[in-house]
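See structure below.
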Amino acid sequence: MTELREIDSKWAKKWNRMKIFEADIGDKEKIFATFPFPYMNGPLHLGHAFTSTRVDVWARFKRMQGYNTLFPWAWHITGEPIAGAAKRVAEGDESQIRIFRDIDEVPEEEIKKFISPEYMARYYINDSKKSLIELGHSIDWRREFTTTSLHEQFDRFIEWQYLTLRDKGYVRKGTHPVVWCPNDESPTGDHDRLEGEGASPTEFIILKFEFGDAFLPAATLRPETIFGVTNMWINPDVEYVKINIAGERWIVSREAVPKLKEQKDGVEIISSFMGRELIGKVCREPIKGREIIILPAGFVRPDNATGVVMSVPSHAPYDYMALKDIQENPDEAEKYGITKESLMKIKPISLIKTPEHGEHPAIELVEEMGIENQKDAKLEKATEIIYKQEFYKGILGNITGKYSGLKVNEIKKQLLEDFIALHIADKMYELLEMVRCRCGTTCVVKILKNQWFLNYSNEEWKAKVREALQDIKIYPPEARANFENTIEWLEDKACARKTGLGTLLPWDKEWKVETLSDSTIYMAFYTIAKHLNLEKIPGSKLDRGVFDYIFYGNGNIEELSSKYDINTELLEEMRNEFEYWMPVDLRCSAKELIPNHLTFFIFQHVVLFDRSKWPERIGVNGMMSIEGEKMSKSKGNFITLKKALRENGASVTRASLLYASEGMRDPDWNTKSAKDMEIHLRNLFAMIKDASSLSFRKERKNIDLWLESRLQRHIKNTTDNLEELRTRSALQSGLFDVWRDIRWYLRRDKPEKDMVFEAIEIWVKLFSPYVPAISEEVWGILGKNGFISLAKWPEYNEDKINIKAEAAEDMLSELLSDIKNIIKVAGITPKKIFLYISPEWKWEVLETLSSMSKEKLKNAMKELMKRENLRKHGKEVSGLITYYTRKPERLRFIARIDERAILEEAREFIEREAKAEVEVHLSEDENIYDPAGKSRNAMPMKPAIYLE
RNA sequence: GCUGGGGUGGCCGAGCGGCUAAGGCGGCAGACUCAAGAUCUGCUGGCUCAGUGCCAUCGUGGGUUCGAGUCCCUCCCCCAGCACCA
């Protein structure tokens, strides 16, 4: 058990010492493979290792194919979580400390120092780097860096990126609603929430109804229904206030005030009163100036939007039921001084007609569904149905003026713009569910002003991204739709925030470039990081001019050199390095990053770099689970890479991870499979190690041709699979399928020495990207020089494909299983086995039938009976035709082989396996020994069998 | 809810119009062994049998086709994302 782990460590050290994965500019074609830098608020885990090993396997494969291959690595520390965790350590947060101690395995004395976010990041970086080396990743470590000012040169690079983006017009200042914690004075992302994960601001439209010197601002999601408003709903038993707001006066629920304060200017309370004081009065609808009565409604929630609701009974089931209830019980309304007469005067007003219903869809549906009163739970469903039907299919009526005759979804956007232009509408954002920050405070929606945005909604930009995407190879292909879709819905993206770690926005240093925005084109930075690190170029020298030269070739090199005090050779070398390594050949990540990082990655490349530097391939994979469950620190089923390596070693970890899944499916890690993989690898190693002590045979036989042929197929399969990042299939074919064939080969006969060692050599190469340490060890045992990591990948040679040899082996293995089957069912132990080879004429039937078209097959009998030699076997021919045509696949004719020669050659093998003597006869020979008449059963590729 | 991906034998997973529904794991039996482990071999949906056979099955229910895990529709379930969060 320990042996494999010793091998893993030995080679990890050796690669690292010999620096064989450091890649420099060369004459050879290059490959540049990257993994999205991991976020260092904790150690690497199996999820990271799964994806990164896919990248490493691909890089190793490409390196062996002869490409000059670069696989660099860096670390991400931008943003909140590291800073937040450091703060929690400082506050003595027990659950945070427990995670560091128990899951991350950080020693107590180190945890104390985690009050410094930089220290924490450095600690995890060191820790993780050790794990990656141990895992055997073929990384060029000279190009390592971190984000933020922790790496001053990278900091300058991000400055360059944002200055360039701004100059090109892709960064704009804007205003945007966010979920906001008033206590922290910071946006509250999903990660920072105690409650309300997934909730995002919903845009309510405020329609302003005139009411004395103020407005009653009704909040709605369906502003078009204002044409059908019949009354207002106000909750009589809650407190309302009159406020000043942006130069107007509004009447809203008291709860609405703090929310509006975050969204509008100049909000202050003038007076307050109970809702009942409004009931029975009238307001004025802003479009036509109709008088609208205010009615009491207990269902109006003061904590939702403005607490003012307009009533459109014709198109809103709730409104209809509420109106119906109040009209049927006018006594209640009379308490507020509303006359029965004015109540009964209210009639639903239709403005949308749907194909499913007529003029008053809500009323009709409520009746269809048998809804009794306004407390009925079915109202929710009814509202949903009506909304959908009206939105997609509803036609607006004459009452709506310029919108009439159109569908709701066609005019919604325009209508809103019109209403806002007429100053009759406004917007308010609201959370539809409770959201609470980690600090316990209830969150609200805040309109963040002067926020910096990347203009991802820009249509020209999108068009360019779509164009780039067409040429990017996506593995697996089914992930492509996801990218296409993301491009469609993507809107402007805030690219800076005020808190956490990050590069300062160069022109507005209150802001820091946010985490998804400083991680999009840093692959370009890898190409020069080597020089910046080795030559220790200080960040202060890296002005825009330097980067403009390196990435665009702009400027005069002599002038730049003297201006920034960087010698011309170095500048030139960095430019060459950028030109050589870019574009990125592979970027690989888990599927969760498609809608953000991976798509942004394309966006940024297309505007910052020349077309020739746009990405080549993107790989996507599923999410790691542990023993069938989602991995999480709180569940405690979190497996760090360090722990996995300690328990399994690198080879077992790598192979088990990649054997777990491919494509978009989620891989699962389980201890049992890892143990099984360990057993497999140990056996494999032992088998190869002992191969030289086998006893060998001299002459070549059919089985050697077979193995040679099969190996070629496996080479092709493994290569094709790896090419498209099907890492699981490649492991299957390169390791397990070859193994199976070698086992058959060794079982069939004594091995021929050259053949078996050729097979082993190919085999080891095919699986070496997966278990590189074991492969290096075997490579030495085989007496090879140098590293297998740098050896030549086997090349597929079609000339070695031998269909006849393969057909012959197929025949033998089927024959053997038939014999064993007969022995079993007959319950006899044969001393002798008689095999009868198919007569010539049966071959003729097979060959003829297999060459016939479907239609011709119907008249096959007629055709065949034209032939003299077949006519005498008429009955049997007809039987054969039935046999073959019933399952047309049987007609797949592979190759005519010399069955007799094959059987004679394999006689010993059959005798050994069946433990009986074997005699081979041609069934058409006269006077053969055939007491049971079995020879009649002989068919091409299927000798008849008689046992005695 | 919306968008995208997916549901295959005891389990993991190939297959994406017609090869035998690959391969692995687990289980059972045999060989080897003093024994255990490892290894090797066979079996592992049902029935039948001196073999080349029949039936069933690929989330559910329909449909297209000479033929369907494979294509189309209905429904159910799982995964990811839904943004200022890494």
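Throughout, a chain's letter reflects where its sequence line sits, starting with A, and its residues are numbered from 1.
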Can you tell me how far [atom1] in [N] sits from the matching atom in [M], rounded to whole Å?
N: B:rC25; M: B:rC40; atom1: P; answer: 10 Å
N: B:rG24; M: B:rC75; atom1: C1'; answer: 34 Å
N: B:rC16; M: B:rG6; atom1: C1'; answer: 13 Å
N: B:rC58; M: B:rC71; atom1: C1'; answer: 16 Å
N: B:rC66; M: B:rU48; atom1: P; answer: 35 Å
N: B:rC82; M: B:rG17; atom1: P; answer: 34 Å
N: B:rC2; M: B:rC55; atom1: P; answer: 43 Å
N: B:rU3; M: B:rA83; atom1: P; answer: 16 Å

Which atom pairs, donor and acceptor, lie under 3.5 Å between side-chain atoms of residues 732-739 of chain A and protein residues at least two apart or in another chain?
unit_1	atom_1	unit_2	atom_2	d
A:Gln732	OE1	A:Tyr659	OH	2.5
A:Gln732	NE2	A:Asp737	OD1	3.2
A:Ser733	OG	A:Thr718	OG1	3.1
A:Ser733	OG	A:Ser729	O	3.2
A:Ser733	OG	A:Ala730	O	3.4

Practice prompt. Take A:Thr78 and A:Asp518 through the test side chain to side chain donor-acceptor pair (under 3.5 Å) and record every step on the way to the result.
Written response: CA-CA 8 Å; A:Thr78 309; A:Asp518 74 356; 2.5 Å; yes

Assign [X] to base, sugar-phosphate, or nothing according to its heavy-atom contacts below 4.0 angstrom with the strands shown.
X: A:Pro943; value: base
X: A:Leu516; value: base
X: A:Leu947; value: base
X: A:Ala660; value: sugar-phosphate

Just how far, in rounded Å, is [atom2] of [N] from [atom1] of [X]?
X: A:Arg710; N: B:rG23; atom1: CZ; atom2: C1'; value: 12 Å
X: A:Arg713; N: B:rG23; atom1: CZ; atom2: P; value: 16 Å
X: A:Asn455; N: B:rA83; atom1: CG; atom2: P; value: 19 Å
X: A:Ile594; N: B:rC79; atom1: CD1; atom2: C1'; value: 12 Å
X: A:Lys942; N: B:rU20; atom1: NZ; atom2: C1'; value: 11 Å
X: A:Leu766; N: B:rG23; atom1: CG; atom2: C1'; value: 16 Å
X: A:Glu913; N: B:rG42; atom1: CD; atom2: P; value: 8 Å
X: A:Ile474; N: B:rG5; atom1: CD1; atom2: P; value: 14 Å

Discussion item. Evaluate A:Thr51 against A:Asn621 for side chain to side chain donor-acceptor pair (under 3.5 Å), listing each step before the verdict.
Written reply: CA-CA 7 Å; A:Thr51 306; A:Asn621 49 256; 3.1 Å; yes

Worksheet entry | RNA chain B-proximal residues of residues 77-86 of chain A, any heavy atom under 4.0 Å | A:Thr78, A:Gly79, A:Glu80, A:Pro81

Practice prompt. Go through the structure and list residues passing side chain to side chain donor-acceptor pair (under 3.5 Å) with A:Arg480, not counting sequence neighbours.
Written response: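 For A:Arg480, no residue satisfies side chain to side chain donor-acceptor pair (under 3.5 Å) once neighbours in sequence are set aside.
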
Practice prompt. Return the set of residues passing side chain to side chain donor-acceptor pair (under 3.5 Å) with A:Lys449 (not counting sequence neighbours), or none when no residue passes.
Written response: A:Asp265

Item to complete: Measure the shortest side-chain to side-chain distance between A:Pro187 and A:Trp180 over non-hydrogen atoms and say whether it is less than 4.5 angstrom.
Response: yes

Worksheet item: Does some side-chain heavy atom of A:Ile77 sit less than 4.5 Å from a side-chain heavy atom of A:Met120?
Response: no

Item to complete: Would you check if there is a donor-acceptor pair between the side chains of A:His597 and A:Arg587 at a distance under 3.5 Å?
Response: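 Present: a donor and an acceptor within the cut-off.
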
Worksheet item: Between the side chains of A:Asn670 and A:Ser673, does any donor sit under 3.5 Å from an acceptor?
Response: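 Yes, A:Ser673 and A:Asn670 have a side-chain donor paired with an acceptor closer than 3.5 Å.
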
Discussion item. Tell me whether the NZ or CZ atom of A:Arg172 lies within the 45° cone about the ring axis of A:Phe453 and under 6.0 Å from its centre.
Written reply: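 Here A:Arg172 passes the 6.0 Å and 45° test against A:Phe453.
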
As a test of reading the structure: which of [options] is closest to the side chain of [X], going by heavy atoms?
X: A:Asp737; options: B:rC84, B:rG23, B:rG42; answer: B:rG23
X: A:Leu490; options: B:rG23, B:rA83, B:rA86; answer: B:rA83
X: A:Phe453; options: B:rC25, B:rG24, B:rC84; answer: B:rC84

Discussion item. Go nucleotide by nucleotide along RNA chain B from the 5' end; which of A:Glu478 and A:Glu514 gets its closest nucleotide reached first?
Written reply: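 Here A:Glu478 is the residue nearer the 5' end.
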
Worksheet entry | Residue met sooner reading RNA chain B from 5', once A:Pro177 and A:Leu815 are mapped to nucleotides |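 In this pair, the answer is A:Leu815.
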
A quick test of your reading: do over 12 heavy atoms of other residues, nucleotides or ligands sit less than 6.0 Å from [atom1] of [X]?
X: A:Lys750; atom1: NZ; answer: no
X: A:Lys630; atom1: NZ; answer: no
X: A:Lys716; atom1: NZ; answer: no

Worksheet item: Would you call B:rG13 syn or anti, using the 90° rule around 0?
Response: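 Anti for B:rG13; the angle lies over 90° from 0.
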
Residue list, side-chain contact (heavy atoms from CB on, under 4.5 Å) with [X], at least two apart or on another chain:
X: A:Lys87; value: A:Glu91
X: A:Asn648; value: A:Ala644, A:Val652, A:Thr653, A:Trp669, A:Ala674, A:Lys675
X: A:Lys832; value: A:Phe834, A:Glu917, A:Glu919, A:Glu948

Worksheet entry | N or O in side chain of A:Arg747 less than 4.0 angstrom from B:rG42 OP1/OP2 |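 The answer is yes; a side-chain N or O of A:Arg747 sits under 4.0 Å from OP1 or OP2.
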
Discussion item. Please give me the minimum heavy-atom distance between A:Lys462 and A:Glu488, naming the atom from each residue.
Written reply: NZ-O, 3.0 Å

Worksheet item: Which stems does RNA chain B form, counting runs of 3 or more consecutive Watson-Crick or G-U wobble pairs with both distances under 3.5 Å?
Response: B:1-7 with B:76-82, B:10-12 with B:23-25, B:26-31 with B:39-44, B:45-47 with B:53-55, B:61-63 with B:71-73

Worksheet entry | Partner set under ring pair (Phe, Tyr, Trp, His ring centres under 6.0 Å) for A:His48, not counting sequence neighbours |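 Here the qualifying residues are A:His45.
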
Pairwise N/O distances under 3.5 Å, protein to nucleotides 14-17 of chain B:
unit_1	atom_1	unit_2	atom_2	d
B:rA14	OP2	A:Arg665	NH1	3.1

Worksheet item: Taking the side chain from A:Arg54 and the backbone from A:Leu725, do they hold a donor-acceptor pair closer than 3.5 Å?
Response: yes

Taking N or O atoms only and anything under 3.5 Å, show me the protein contacts with nucleotides 37-39 of chain B, one pair per line.
unit_1	atom_1	unit_2	atom_2	d
B:rU39	OP1	A:Asn683	ND2	2.1

Between the protein and nucleotides 80-82 of chain B, which nitrogen or oxygen pairs are less than 3.5 angstrom apart?
unit_1	atom_1	unit_2	atom_2	d
B:rA80	OP1	A:Lys630	NZ	2.9
B:rG81	OP1	A:Glu592	OE1	3.4

